[in-house]
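Remarks on the structure that follows.
Note that these values count all heavy atoms, side chains included, but never hydrogens, waters or copies made by symmetry.
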Amino acid sequence: MKLVLAEPKLFKDSISTIATLVNEANIRIDKNMLEIVAMDPANVAMIIFNMLSPAFVEYSVEKEKHIRINLEGLNQILKRVGPSDMMTIELDEARGRLVLKVRGVSSRTFNITLLDHEHKEQKMPELKFPARVEMPSYIFDEAMEDMNIVAESVALIAEQNKFIVESQSKFNSAKTEVTSDDEASITVENKEGVVSKYSLEYLKKIANASKLSDRVVLQFGKEYPLKVNFLVVDKLSLSVILAPRVMND
């Protein structure tokens, strides 16, 4: 197995976000993509990450591989990789290590010890969302920062041609409104609209992935899971499915 990235930023930023949600993860690598499907320890968020073979300048996988690693350890190493460095990912099965070779002004090698693989398969839920919002990712990121000064949870409200992010505490409140225009697309199945509440702690972590893509897609329903998706066409997809909070909390 040999995977080579000429621009490792997309991989770095993806792992940086995922590592805030899960400590360890199984990674499946086949002839088409590198995939992570993981649930956070509290069973509140599911992460689905796919990095496709065209994102690599070299992608050589003869046989499907399944490995498990500590994502925080991987993230710390990736922080040492510069934006113009060439990074090669290889598997040393004999020693049970993932090998990262970084070539820039100097050549460096990092080894990550593999963990015992857990064979428990994470099944992706079949969800149907009555509301869909696509908008610039920076607006989503800024909205989460705004809500953070008010409370620990956020209400997402989708109406015809309007999307609202709202947070309230005993003394303070904050609101961000986005309307359907050339930059935002809002689709709601019913005229009454959709309202659901989610953990701000998780949403802030998810919003860190805004650096991956200029656009973000939010899909949700009333007291129903939220799916947040960042897509880089022909390169990667990072989705997080987040459980709702009880509306009266």
Hey, can you pull the donor-acceptor pairs under 3.5 Å for the side chains in residues 88-106, sequence neighbours left out?
unit_1: Glu90; atom_1: OE1; unit_2: Lys101; atom_2: NZ; d: 3.1
unit_1: Asp92; atom_1: OD1; unit_2: Ala94; atom_2: N; d: 3.4
unit_1: Asp92; atom_1: OD1; unit_2: Arg95; atom_2: N; d: 3.2
unit_1: Glu93; atom_1: OE2; unit_2: Lys65; atom_2: NZ; d: 2.9

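- A distance of 10.5 Å separates CD of Glu35 from CG of Leu52, quoted to the nearest 0.5 Å.
- Using bins of under 30°, 30° to 60° and over 60° for the plane-to-plane angle, the ring pair Phe129/Tyr224 lands in the perpendicular bin.
- For the residue pair Leu21 and Pro41, the shortest heavy atom distance occurs at O-CD, 3.6 Å.
- Annotation for Lys204 and Asn148: closest pair NZ-ND2, 3.3 Å, computed over non-hydrogen atoms.
- Summarising the geometry of Thr17 relative to Lys205, their closest heavy-atom pair is CG2-O, 3.6 Å, with the distance given to 0.1 Å.
- In this structure, the separation between NZ on Lys235 and CD on Glu7 is 6.0 Å, given to the nearest 0.5 Å.
- Residue Ile69 forms a side-chain contact (heavy atoms from CB on, under 4.5 Å) with just one option from Asn26, Leu115, Ile27, and that option is Ile27.
- Of all the heavy atoms in Pro8 and Gly82, the pair that sits closest is CG-O, 3.8 Å.
- One distance of note links CD1 of Ile186 with OG of Ser180; it measures 3.5 Å at 0.5 Å rounding.
- Nearest heavy-atom pair, Phe220 versus Leu156, reported as atom, atom and distance to 0.1 Å: CE1-O, 3.5 Å.
- When the options Val165, Leu226, Thr176 are evaluated for a side-chain contact (heavy atoms from CB on, under 4.5 Å) with Val154, the one that passes is Val165.
- The nearest pair of heavy atoms linking Ser137 to Phe230 is CB-CE2, 4.1 Å.
- Within the structure, the ring pair (Phe, Tyr, Trp, His ring centres under 6.0 Å) test picks out the following pairs touching residues 49-102 (sequence neighbours left out): Phe56-Tyr59, His66-His117.
- We find the OG-CE distance between Ser153 and Met147 to be 11.5 Å, quoted to the nearest 0.5 Å.
- Shown here are the side-chain contact (heavy atoms from CB on, under 4.5 Å) partners of Lys31, two or more places apart in sequence or in another chain: there are none.
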